[in-house]
Amino acid sequence: NLSNKFQEVFKKLKGKGKLTEEDVNLALREVRIALLEADVNFQVVKDFIAKVKEKAVGHEVLESLTPGQQVIKIVHEELINLMGKTNAKLNDAGSPPTIIMLVGLQGAGKTTTAAKLAHFLKKQGKKPLLVAADIYRPAAIKQLQVLGDAIDVPVFTMGEQSPVDIAKASINFAKSNLKNYVIIDTAGRLHINEELMDELKKIKEEVSPHEILLVVDAMTGQDAVNVAKSFNEELGLTGVILTKLDGDTKGGAALSVKAVTGCPIKFAGMGEKIENLEPFYPDRMASRILG
Amino acid sequence: VLKKSTVDEESFEKIEEILIEGDVGVKPSLELVEKLRKTAREQRITDSEQLKQVLKEEILKILETGDNKLKNVARTPLVILVVGVNGVGKTTTIGKLAYYFKQQGKQVLLAAGDTFRAAAIEQLEIWGNRVGCQVIKQKEGSDPAAVAFDAVKAAIARKIDVLIIDTAGRLHTKTNLMEELRKVKRVVERELPGAPDEVLLVLDATTGQNAFSQVEYFNKALDLTGLVLTKLDGTAKGGVIIGIKSSYQIPIKFIGVGEKMDDLRPFDPQEFVEALFA
Ligand SMILES: Nc1nc2c(ncn2[C@@H]2O[C@H](COP(=O)(O)OP(=O)(O)OP(=O)(O)O)[C@@H](O)[C@H]2O)c(=O)[nH]1
Ligand SMILES: Nc1nc2c(ncn2[C@@H]2O[C@H](COP(=O)(O)OP(=O)(O)OP(=O)(O)O)[C@@H](O)[C@H]2O)c(=O)[nH]1
Ligand SMILES: [Mg+2]
Ligand SMILES: [Mg+2]
């Protein structure tokens, strides 16, 4: 891991006083490699390293630390700074229902996460409604229905009608049935598919979601910036959910997505079961990326 | 992409950037660039177009070794086990493979080995319907090995040419789930010696360096015979397969380029390398 790599690099340095530019450059070379191997985007790494260098050169080395440890400490703090605070709150509408829309690439975990969010809200005493707006993927509607059944949350469906009409009708249904949260599951799509991105824009226009959450697979590599940037530019995201963090991926995509959109990562998917949704903890993520 | 026409230090840095941004990974990128520097010195390369060409050839050397085709076995059925982490495109790839074999006039049978995920069996059944082949299934929650057993028996009895077994997505670090896959493989082997003829790991082209860990664990557990790289119709380059190929020598047999049944292609190293630098 990074601290071990640093022990090697800094064995020769004496380590009293302030961090020299030379110390910092040496350390940051290792940090850069660690971040890239953790899948943080190339450009994001470049900007991040530059920022850390500014903070680190001339910085006091604390009595209890070696220069390498001091640099890691600055890097760690800067990572947490960049990733924001824990923010597992969903925007609340002035008057119900609060409308949440989940978007993202194919297979990221939207449908599963929709059910997890519904379960999360139900536990808080809310009355969620799941909306099956994926009319393309084989058995997508069935998938959401099976999940909804398991947690006793109703699933609104109109079969294979237009997702825009489904979303619109679901809001009326929610209002007449006193559901205060509407969670719209959409079909996975490529950010470069104009037609499908337009469909999302139309849904947004029709129902004005209070939350548009990008669901991102934690093992996503360099492409995370392209995806996050496009979805954000086209729709205006309000947050991100990172899934499949129960694996051994370092999850550098978290940093890339935050850096390029500025959106808070609100939740972490930590498994396939319905209760495997946790608030996102930036400090844990920072340690994981650097680990 | 390489704006200047002459070769200098910046050219090598730019190349390293392209490789890393293509998910080739730090170490494999550095190794490729080192080889490139050496060749550039030896051949006195001064033109950046020529430099790019040499790099492409270096990568092709890695990707073109070995045989990237599906196994051809004398007996039927040919049995293909499809595995991989969650959401990478296994079930869709099986639908596409079924179509691919049907186009060749083969009799195909599918096994709904994902007995865990919501509507997984229904999803595969829809593919079976679309392509025109049967699906062997049991109740949700049943033992995947039992489904595989039934499927092999049925494939033999019905004189099927190709049997493709779907499995539930699972993270490679979940030991009990990896053990479940080993059991499926053992059951198939017992019923039909030599089978499964192919154990294909499906990798998502948007995946970063974690792909190496996936290959490591799945290979250790099952002895992979091939890789399928999906979602190459997006903007991700799938560069991880370069390092994976040179470290594991597992052939990349197919790529997925969309969600429709004909969006499957045999892996073409030339095409792949061109796309990496597009
Ligand atoms: N291990 C793990 N698996 C997850 C997690 N979230 C989702 N999955 C799995 O990932 C796979 C894909 O999940 P889906 O919910 O179908 O993904 P999706 O984004 O709706 O897929 P499309 O609708 O096809 O775009 C399923 O096997 C899920 O069980 C997670 O946090 N951890
Ligand atoms: N654009 C694109 N999408 C793909 C490709 N292959 C699969 N998909 C999509 O990826 C999503 C997940 O595909 P599945 O076949 O359900 O993936 P899986 O690996 O079986 O998922 P689990 O069984 O849940 O682990 C679906 O929306 C597919 O349509 C591809 O090559 N390109
Ligand atoms: Mg879905
Ligand atoms: Mg599947």
Side-chain angles (χ1 to χ4, degrees), chain A residues 32-43 45-46 105-112 115 136-150 187-193 216-227 230 243-244 246-253 271-272, chain B residues 16-27 29-30 85-92 95 116-127 129-130 140 168-174 177 204-214 217 230-231 233-240 258-259:
Chain A
R32 176 178 173 269
I33 292 174
L35 292 176
L36 289 173
E37 288 184 335
D39 288 323
V40 182
N41 177 267
F42 188 93
Q43 206 47 55
V45 171
K46 212 169 178 188
L105 293 183
Q106 291 89 345
K110 298 173 292 301
T111 305
T112 310
Y136 309 104
R137 169 173 154 153
I141 297 171
K142 186 94 219 290
Q143 184 185 5
L144 196 61
Q145 285 173 326
V146 170
L147 291 172
D149 274 350
R189 68 204 64 214
L190 296 178
H191 49 298
I192 53 174
N193 185 321
V216 177
D217 191 322
M219 55 188 176
T220 308
Q222 297 288 311
D223 200 43
V225 279
N226 302 327
V227 178
S230 296
T243 60
K244 307 177 203 173
D246 44 317
D248 63 349
T249 187
K250 291 275 167 65
E272 298 194 63
Chain B
E16 188 187 332
E17 180 174 343
I18 292 170
L19 292 174
I20 291 179
E21 286 184 331
D23 283 320
V24 173
V26 176
K27 286 201 185 65
S29 298
L30 288 178
V85 304
N86 308 74
V88 294
K90 298 177 292 299
T91 306
T92 307
F116 169 75
R117 206 209 68 212
I121 297 171
E122 288 85 338
Q123 183 185 6
L124 190 67
E125 284 187 302
I126 292 174
W127 275 107
N129 265 318
R130 284 181 179 178
E140 186 177 314
R170 70 206 63 218
L171 294 182
H172 46 295
T173 44
K174 311 222 161 152
L177 296 182
D204 186 328
T206 65
T207 301
Q209 300 308 301
N210 193 248
F212 284 87
S213 187
Q214 294 174 27
Y217 280 71
T230 61
K231 308 181 196 172
D233 47 318
T235 51
K237 305 286 184 171
V240 288
E259 305 187 69

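Please read all numbers here as calculations on a predicted model, not as lab measurements. Every chain is numbered from 1, with letters handed out A, B, ... down the list of sequences. Side-chain atoms are counted along with the backbone in the values below, which use heavy atoms only and exclude waters and symmetry mates.
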Can you name the nearest heavy-atom pair linking [X] to [Y], along with the distance?
{"X": "A118(B)", "Y": "V146(A)", "value": "CB-CG1, 3.7 Å"}
{"X": "R130(B)", "Y": "Y136(A)", "value": "NH2-O, 4.2 Å"}
{"X": "K244(A)", "Y": "N86(B)", "value": "NZ-O, 2.9 Å"}
{"X": "D39(A)", "Y": "N210(B)", "value": "OD2-N, 4.1 Å"}
{"X": "A139(A)", "Y": "E122(B)", "value": "CB-CB, 3.8 Å"}

Between the side chains of E37(A) and K27(B), is the shortest nitrogen-to-carboxylate-oxygen separation below 4.0 Å, so that they form an ion pair?
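So K27(B) pairs with E37(A) through a salt bridge.
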
Quick check for you: to the nearest 0.5 Å, what is the distance between [X] atom [atom1] and [Y] atom [atom2]?
{"X": "N226(A)", "Y": "E21(B)", "atom1": "CG", "atom2": "CD", "result": "8.5 Å"}
{"X": "E17(B)", "Y": "K46(A)", "atom1": "CD", "atom2": "NZ", "result": "5.5 Å"}
{"X": "D246(A)", "Y": "L171(B)", "atom1": "CG", "atom2": "CG", "result": "5.0 Å"}
{"X": "D204(B)", "Y": "D217(A)", "atom1": "CG", "atom2": "CG", "result": "7.0 Å"}
{"X": "D23(B)", "Y": "Q222(A)", "atom1": "CG", "atom2": "CD", "result": "5.5 Å"}

Among S230(A), G107(A), A108(A), P138(A), residue most engaged with chain B (heavy-atom pairs, under 4.5 Å):
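Going by pairs under 4.5 Å, I would pick P138(A).
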
Between chain B and each of K250(A), H191(A), R137(A), count heavy-atom pairs under 4.5 Å; write down the option with the most.
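That would be R137(A).
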
Could you check whether any side-chain heavy atom of L36(A) comes within less than 4.5 Å of a side-chain heavy atom of I20(B), counting everything from C-beta outward?
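Of all side-chain heavy-atom pairs linking I20(B) with L36(A), at least one is under 4.5 Å.
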
With a 4.5 Å limit on heavy-atom distance, are the side chains of Q106(A) and T92(B) in contact?
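Of all side-chain heavy-atom pairs linking T92(B) with Q106(A), none is under 4.5 Å.
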
Given that the side chain runs from C-beta out, which part of V85(B) has a heavy atom under 4.5 Å from chain A: side chain, backbone, both or neither?
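The side chain, not the backbone.
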
I'd like to know if the side chain of D248(A) pairs up with that of T173(B) as donor and acceptor (distance under 3.5 Å, no hydrogens or angles considered).
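T173(B) and D248(A) do not have a side-chain donor-acceptor pair below 3.5 Å.
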
Measure distances from Q145(A) to the heavy atoms of chain B and classify the residue's part below 4.5 Å as side chain, backbone, both or neither.
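Nothing of Q145(A), per the 4.5 Å heavy-atom cut-off to chain B.
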
With a 4.5 angstrom heavy-atom cut-off, could you sort out which part of L105(A) is near chain B: side chain, backbone, both or neither?
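Just the side chain, heavy atoms under 4.5 Å.
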
Among R117(B), Q214(B), E140(B), K174(B), single out the residue with the greatest number of heavy-atom pairs under 4.5 Å to chain A.
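Highest number of heavy-atom pairs under 4.5 Å: R117(B).
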
